[in-house]
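Protein chains get the first letters and strands the later ones, always in sequence-line order, with residue 1 at the start of each.
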Amino acid sequence: MQEFIERIRRVVARHTGLAPEDIKIESPRDALNGDLAFPCFQLAKRQKQPPPAAAVKLGQAIAGELTNIAVVAAGPYLNFRIERSALALSVLGSISVKGAKYGGSSEGAGQTIVLDYSSPNIAKPMHVGHIRSTIIGAALQRLHAFLGYRTVGVNHLGDWGAQFGALVVAIRRWRETVELEKDPVAGLLELYQRSKKALDEDEEFKKEAVVAYQELESGKDGEVRALWRWVTEVSMRGFDATYARLGIQHDLVRGESFYEPLLEPTLQRVQAAGVTEVSQGALVVQLGEIDKGLAKTPCLLRQTNGTTLYATRDLAALFQRWEEFQFARCLYVVGAEQKLHFRQLKAVLARMGCEWASRVEHVDFGLLLGPGRVKLASRKGEVLVLDDLIDEIVAEARAIIAEKNPELPHPERIAEQVGLGAIVFNDLKRERIKDVVFDKAEILAFEGETGPYVQYTHARLGSILRKAPRENVAPDWARLEDAAPILLALGRFPGVVAAAAENCEPSELAQYLLALSRTISSWLAEHKVLDEDPPLRAVRLLLVQGSQVVLKNGLTLLGVGAPDEM
RNA sequence: GCGCCCGUAGCUCAGCUGGAUAGAGCAUCGGAUUUCUAAUCCGACGGUCCCAGGUUCGAGUCCUGGCGGGCGCGCCA
């Protein structure tokens, strides 16, 4: 597909004097107009003639130079129609050569992308609030890796802070009263909640908690440190089980504690740059000169009591990451509520003269809400544990499989893929910045614009391929005329992948997969594959195969399973 | 009060970074099944693209000002 566009660009460029990269080739809204189009408005202006005349003239000039591409002037547009067998040969040939790599590229070779995503707090189970960062971040990592970038996924665990002093004391005092053997995370959650209450009500407890946190901060390898380490371990074990279900693995697990030793050097570095000042007893960086909108919100790096802050830690992490990876982009997949924080961080870097500040991007996203736009919670009003939610959706998928396809082998595995597919796709199908209303009924329907719809289309193609006879017949490339919408869509896939990564918008890929599935399903309703004469069957089988590969590659990039049967 | 984001069909959202007659899903109504998987397909219904100006040959898309909603705003993360 890209080859046709490039050829058109080159020829148009030669005849107009425009630079090839300035020639915008778009696809007409109405397919009847052609496969590709070049609007001639600007060209007409340069040539001082009406757009339709410019289109006609350019059309006549280049018609002979584009083999396999018909050129038709229609009003102010110059439309192009790619000869069908050439299109089919090009697109399906490319897919069959590249297979699972179709859509990828090597544009990122030699460059590193650091992605900070998921980042749950330890001592608590992973709840639905973490799902967006986790799913979006993992999808962006796969997308960039597919384009040849070296990717480094970092899990910036919330494993530090005064609350761990309190938690340690709670463990010390009440470990016998809760279940810490079978399900340590649940037990810890209870202790954590009790410790929060005790901080308000029990002076003794509070004092002990402060002492414990001081010991933790001191780095002393004693009882407190051991308990904290244990909390980290059991929490991580719980997280890993969930990540495994989602097919996610970070490259680095570096919690806030990792950056503790780097805080003082970071502060010295910022101070040495001469951008800090003391305001109301706190160490701050004023940012108004860099960014007018930040005039009233300086970045605080050290509190009056001497302790550091969130921004200090993230700044330390940024310096460390820059020095270790020299990243082309450093993506923070964090909710939009924290926009100010990242804007401040970038402004601090800019004030310090770090020319790589623009490589740091806050990949923000909207809230996850329950029906009625209220905070999503369990029936009892508690935080909704992610695994419980997944279990519920998977159970429903299992029930639907039992009803619709009772003969299906491995129903358990497929139910997991379908249930997870529904959840993951639901999160990725709209623009990141939009709030996601988690409508369980809609997700459980498994129909319409959902992951299971795309999975189902993929499975139907698999079914055709399984039943195809093994025969060695030359495909008749001239007979895919009626499948042009599918071929054009398949040809667009690499461009969609590249744009989704560039814009950090997995939704662009998700929307593409929905549209492709719709196109394929419509075509399947009107055409037979197996029940045709051998040359037609052969070429349609290639179309089916190519379609299946693209659906699978796309779903895989999003983190959605692509079962062959369901 | 200040900063940022969002506003498109009854509901949830697309709209290829400014191009041809604004599209999907859900819901409602009607149709298609001796199925290469109906978790599907086809049709009907449904729009002052929040409002008002502006830029442009051309604006849902860009700019300004409103309106409505959300998020954030020094010692939390």
Side-chain angles (χ1 to χ4, degrees), chain A residues 24 26-30 33 37 39 41-42 44-45 50-51 74-77 79 119 121 158 160-163 256 279-284 291-305 307-311 313-314 335-341 343 364 366-367 373 397 400-401 403-405 408 418 429-431 433-437 439 441-442 445-450 452-453 455-457 459-468 492 495-496 499 503 507-508 510-512 514-515 517-518 521-532 537 540-541 544 565-566:
Chain A
K24 195 194 170 192
E26 53 194 36
S27 28
R29 192 170 278 159
D30 188 340
N33 282 320
F41 301 97
Q42 281 165 32
K45 207 170 189 179
Y77 293 88
N79 293 322
S119 309
N121 298 322
W160 205 250
Q163 72 269 29
E256 293 171 355
S279 164
Q280 296 165 36
L283 188 72
V284 306
D291 183 338
K292 268 183 257 166
L294 295 178
K296 290 176 184 164
T297 47
C299 183
L300 264 80
L301 293 178
R302 180 147 58 193
Q303 307 185 102
T304 312
N305 69 11
T307 58
T308 57
L309 287 135
Y310 184 39
R313 226 162 305 191
D314 262 349
E337 325 70 272
Q338 296 191 32
K339 275 189 111 161
L340 177 62
H341 167 70
R343 200 170 154 194
D364 57 348
L367 271 29
R373 300 194 55 85
I400 290 183
I401 287 170
E403 176 202 329
K404 304 209 179 205
N405 199 349
L408 184 70
V418 171
K429 74 177 174 186
R430 36 201 141 210
E431 260 188 310
I433 198 63
K434 296 242 157 80
D435 291 344
V436 171
V437 176
D439 184 341
E442 192 187 315
F446 298 129
E447 59 178 40
E449 295 180 319
T450 64
Y453 171 66
Q455 290 175 317
Y456 180 70
T457 310
R460 286 177 69 191
L461 299 176
S463 175
I464 296 172
L465 293 173
R466 272 195 304 281
K467 290 173 181 164
R492 279 182 50 223
V496 171
N503 300 332
S507 68
E508 292 178 15
Q511 290 293 333
Y512 164 86
L514 286 172
S517 298
R518 234 178 273 130
S521 294
S522 296
W523 187 86
L524 284 175
E526 287 168 33
H527 301 86
K528 292 282 173 202
V529 175
L530 299 179
D531 196 21
E532 297 287 358
R537 175 166 58 215
R540 284 190 175 170
L541 278 169
V544 167
E565 292 180 77
M566 64 185 269

Does a nitrogen or oxygen in the side chain of [X] sit under 4.0 Å from OP1 or OP2 of [N]?
X	N	result
A:Lys339	B:G72	no
A:Lys296	B:C2	no
A:Lys292	B:C2	no
A:Thr297	B:C2	no
A:Lys434	B:C6	no
A:Arg313	B:A77	yes
A:Tyr456	B:A39	yes

What is the base-pairing partner of [N], counting Watson-Crick and G-U wobble geometry with both distances under 3.5 Å?
N	value
B:A22	none
B:G68	B:C6
B:G43	B:C29
B:U56	none

By the 4.0 Å heavy-atom rule, please label A:Tyr453 as base, sugar-phosphate, or nothing.
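If one applies the 4.0 Å heavy-atom cut-off, A:Tyr453 turns out to touch the sugar-phosphate alone, with no base involved.
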
Considering every strand and a 4.0 Å limit on heavy-atom distances, what is the contact class for A:Leu309: base, sugar-phosphate, or nothing?
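A:Leu309: backbone/sugar contact only, no base atoms under 4.0 Å.
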
Do A:Asp314 and B:A77 share a donor-acceptor pair, side chain to base, under 3.5 Å?
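No, the side chain and the base share no sub-3.5 Å donor-acceptor pair.
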
Starting at the 5' end of RNA chain B and moving along, which residue's nearest nucleotide shows up first, A:Val284 or A:Glu565?
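Final value for this comparison: A:Glu565.
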
Could you check which residues of residues 461-468 of chain A get a heavy atom under 4.0 Å from RNA chain B? Sort them by number, please.
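Correct list: A:Ser463, A:Ile464, A:Lys467.
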
Sequence neighbours excluded, which residues qualify as salt bridge (charged side-chain N to carboxylate O under 4.0 Å, His left out) partners of A:Glu508?
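A:Glu508 satisfies salt bridge (charged side-chain N to carboxylate O under 4.0 Å, His left out) with no other residue.
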
